[in-house]
Structure formats: structure tokens, C-alpha cells
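Given the structure is predicted, the values throughout are model-derived calculations rather than measurements.
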Amino acid sequence: DYLNQENHEEHPAIFLYYNLYLLLTEEKLIIFKKIKSLLKEYYNYFDPSELKVLYQFIINFCIRQFRKNNSEFYLSELYNTYQDGIKSELLLENGNLSPWTFKNVIRIGFMLKKLTETESFILNNHTKLKKEFQEDALHYNTAELHYHLGEYGKSLQKLNQVGFNDIYYILDSKFLISKIYYETNEIDTLEFFLASFQTYLRRNKLIAENVKSTYLNFTKCLIKIINTDSNKNQLIHSIEKTTPLTGKKWLILQCQN
């Protein structure tokens, strides 16, 4: 009540944090827009370490709202906030971009169908990663770009250039190859590949069990889709209930096609 009566313009930090508190407690769009405006207006009042925290609050809020409401508005805001934070170097650690942040921006770009922008982002920002991540990040994410463009042959060629020094690039690459084989109707090759993928997952002790389950469930669901010719409504229901599961939306879409 006291803060509501104060002239906050004299104290920009208090005004911004007060509205941030309102946002986290009320989750109203009008407050979110106000905070974005205030942050732009009072940007120079904060040092970089504090600005980074404020940006992270906005990022986390957008992620939460998108998960709750599947709102493209918050997905777009998330994309723009990431881009602004990277350009200003607020989201860099010791001059380097986190592989997770890099990957998140690209995936959001694909979800928003910003393919040209995403291609530019990959080319212009992969060098901001630590040197040991740069080449694999460039090849894998370019492969995923070709996949979204429907250029499956080019996608597979790029995947062959990935060095696979990171376990997550290995898993994502196998996941992407599975989708390409299915969408190009290479069913015999796909069945052999999925069996190999399952063996890899079960034998690899470096993969956390929850991550392992996510990809194993994907392979099992895709095998069911391959072997189900008739009504797939029951299969869709089964996929919807399966957790943890990567590629759920894609699997359901294949059942509906």
C-alpha cells in the first residue's frame, strides 16, 4: 500500500522491482508490457550484473506463461528478450554464449517459423560459444535448419559432419535422423536405426535415466506408429499419456497424417 502511494519515478529501481513483484503475483499482460517499457526507459540506471538478473526474470516468466497457455505472444517475447540479451552481451558468461541459450533461441526461432532469421542467428553467433562447441553447434543446428526447410538430404549431410563430442548432440542427431527416415518413408532403414538407437540408450551409462527414458519412449512410440495401419486414435491417446517423452507433438502429427 505504501509503495502504491509513492512517486516511483524518483526511484526507478524501486518502481521496476515493485512492478516485477506485481507481475510475479498477478501475472497480468499489462504489467508485463509495463516492465518491458520500464526496463527500456531505465536501462542505464542498472549495472550489467543486475540487468542480467532482470532479463532472466523476464525470460523465466515468458517460459512459464508459454507452457501454461501455449501463447505465441510470450514465445515471441521470449525470442526477442534472448536476442536483446545476446546482442547487449548481458546473457554471455565471460564473453561466451552458453550452448543451452544458443540452442533455445534456435528452437524458438523454428517454432515461430523464423527460418531466415534463425539461419542468420546460427551463422552470426556460433562463434560466441566456447571454441570446443562451435563446429558441432554450427553443423548440427544447420542440419536442423535444413530439416525444417524440407531439405532432408542436406540435413543428413550436415549431421555427418557433427563430431559428436557432446552426448546431447548425439541424442538430438539420432532423434532428427529418426524423423527424417520416417518422413522420407525409409521404413526398413528406420526400423534398423531405431533398434540400434535403443541399444545405444540402454548400454550408455553416461546418460541420465530420465533423459534415457525420454528418448526410449520416443523410439517405442515411433515403432508403434510404424506397425499400426488402422485407427490410430487409441495410439494418440497412449502417446499423450506417455511421459517423459520427446517429440510428442511430432508423433501425434504423424498419427493424424
Side-chain angles (χ1 to χ4, degrees), residues 75 79 98-123 125-126 129 133-204 206-208 210-226 239 242-257:
L75 192 63
Y79 181 80
S98 154
W100 301 109
T101 301
F102 182 71
K103 202 170 193 179
N104 284 344
V105 176
I106 292 166
R107 285 193 169 170
I108 296 165
F110 291 147
M111 291 169 74
L112 292 170
K113 296 182 170 54
K114 294 178 178 285
L115 300 184
T116 303
E117 280 185 35
T118 302
E119 182 177 20
S120 296
F121 178 83
I122 294 168
L123 294 173
N125 291 281
H126 76 281
L129 299 165
F133 299 124
Q134 290 179 14
E135 193 170 340
D136 282 353
L138 175 63
H139 293 317
Y140 172 78
N141 288 291
T142 303
E144 195 166 0
L145 173 70
H146 285 305
Y147 167 79
H148 284 280
L149 289 167
E151 299 168 348
Y152 299 129
K154 289 182 179 180
S155 182
L156 290 172
Q157 286 173 9
K158 277 293 176 185
L159 288 172
N160 285 332
Q161 294 178 264
V162 180
F164 301 136
N165 298 314
D166 185 302
I167 193 72
Y168 291 101
Y169 276 127
I170 295 172
L171 294 173
D172 283 346
S173 294
K174 289 180 181 295
F175 172 66
L176 186 56
I177 290 168
S178 301
K179 295 200 293 183
I180 291 172
Y181 284 155
Y182 183 84
E183 291 185 32
T184 55
N185 205 32
E186 297 284 345
I187 302 304
D188 290 341
T189 306
L190 174 59
E191 288 181 320
F192 177 81
F193 183 80
L194 290 174
S196 172
F197 192 4
Q198 288 180 336
T199 301
Y200 172 81
L201 288 165
R202 292 189 176 110
R203 290 181 179 174
N204 196 310
L206 297 175
I207 306 172
N210 63 320
V211 175
K212 193 176 288 191
S213 297
T214 296
Y215 287 94
L216 273 172
N217 285 336
F218 168 78
T219 62
K220 291 173 185 176
C221 288
L222 188 50
I223 288 168
K224 286 180 183 177
I225 291 173
I226 293 168
I239 292 170
T242 301
T243 186
L245 175 62
T246 191
K248 184 175 287 191
K249 287 184 179 179
W250 180 85
L251 288 164
I252 291 171
L253 183 62
Q254 306 320 304
C255 290
Q256 294 169 339
N257 287 341

(request) Flag yes if more than 12 heavy atoms outside Q198 fall under 6.0 Å of its CD atom; otherwise flag no. (result) yes

(request) Assess whether side-chain contact (heavy atoms from CB on, under 4.5 Å) is satisfied between V162 and I170, documenting all intermediate values. (result) CA-CA 9 Å; V162 180; I170 295 172; over 6 Å; no

(message) Just to verify, which of K114, R107, E117 counts as forming a side-chain hydrogen bond (donor to acceptor under 3.5 Å, both in side chains) with Y79?
(response) E117

(request) Before giving the answer on ring-ring contact (aromatic ring centres under 6.0 Å, His included), spell out for F121 and F102 the whole-Å C-alpha distance, their side-chain angles and the decisive distance to 0.1 Å. (result) CA-CA 9 Å; F121 178 83; F102 182 71; 5.5 Å; yes

(request) Working to the nearest 0.5 Å, report the span between OG1 of T142 and CG of L159. (result) 10.0 Å

(request) Supply the atom-to-atom distance N104 CG to W100 CH2, rounded to the nearest 0.5 angstrom. (result) 9.0 Å

(message) Testing the 3.5 Å rule here: is there a donor-acceptor pair between the side chains of D172 and Y215?
(response) yes

(request) Please assess L171 against T246 for the test side-chain contact (heavy atoms from CB on, under 4.5 Å), listing each intermediate value before the final yes or no. (result) CA-CA 11 Å; L171 294 173; T246 191; over 6 Å; no

(request) Kindly compute the distance separating CD1 (I252) from CG (N257), expressed to the nearest 0.5 Å. (result) 12.0 Å

(request) Would you give the length of the straight line joining atom CD1 of I226 to atom CD1 of I187, rounded to the nearest 0.5 angstrom? (result) 5.0 Å

(request) Give me the one residue out of I239, L222, T242, T243 that meets side-chain contact (heavy atoms from CB on, under 4.5 Å) with N217. (result) T242

(message) Does K154, at its NZ atom, have more than 12 non-hydrogen atoms belonging to other residues, nucleotides or ligands within less than 6.0 Å?
(response) no

(request) Measure the CG-CG distance between L190 and N185 for me, rounded to the nearest 0.5 Å. (result) 9.5 Å

Side-chain donor-acceptor distances from residues 143-151 under 3.5 Å, at least two apart:
{"from": "E144", "atom 1": "OE1", "to": "Y140", "atom 2": "OH", "distance (Å)": "3.3"}
{"from": "H146", "atom 1": "ND1", "to": "E151", "atom 2": "OE1", "distance (Å)": "2.6"}
{"from": "Y147", "atom 1": "OH", "to": "E183", "atom 2": "OE2", "distance (Å)": "2.4"}
{"from": "Y147", "atom 1": "OH", "to": "W250", "atom 2": "NE1", "distance (Å)": "3.4"}

(request) Answer yes or no: is there a donor N or O on one side and an acceptor on the other, between the side chain of S196 and the main chain of F192, under 3.5 Å? (result) no

(request) Under the side-chain contact (heavy atoms from CB on, under 4.5 Å) rule, what do N141 and Y169 come out as? Steps first, then yes or no, please. (result) CA-CA 10 Å; N141 288 291; Y169 276 127; 4.0 Å; yes

(request) Could you tell me whether the side chain of K212 and the main chain of N204 form a donor-acceptor pair under 3.5 Å? (result) yes

(request) Taking the side chain as every heavy atom from C-beta outward, state whether L123 and L138 have any atom pair closer than 4.5 Å. (result) yes

(message) Using a 3.5 Å distance criterion without hydrogens, assess whether the side chain of T219 forms a donor-acceptor pair with backbone atoms of L216.
(response) yes

(request) Measure the spacing between OG1 of T214 and CD1 of I207 and express it to the nearest 0.5 Å. (result) 11.0 Å

(request) Might you work through the side-chain contact (heavy atoms from CB on, under 4.5 Å) test for Y152 and L156, ending with a clear yes or no? (result) CA-CA 6 Å; Y152 299 129; L156 290 172; 5.6 Å; no

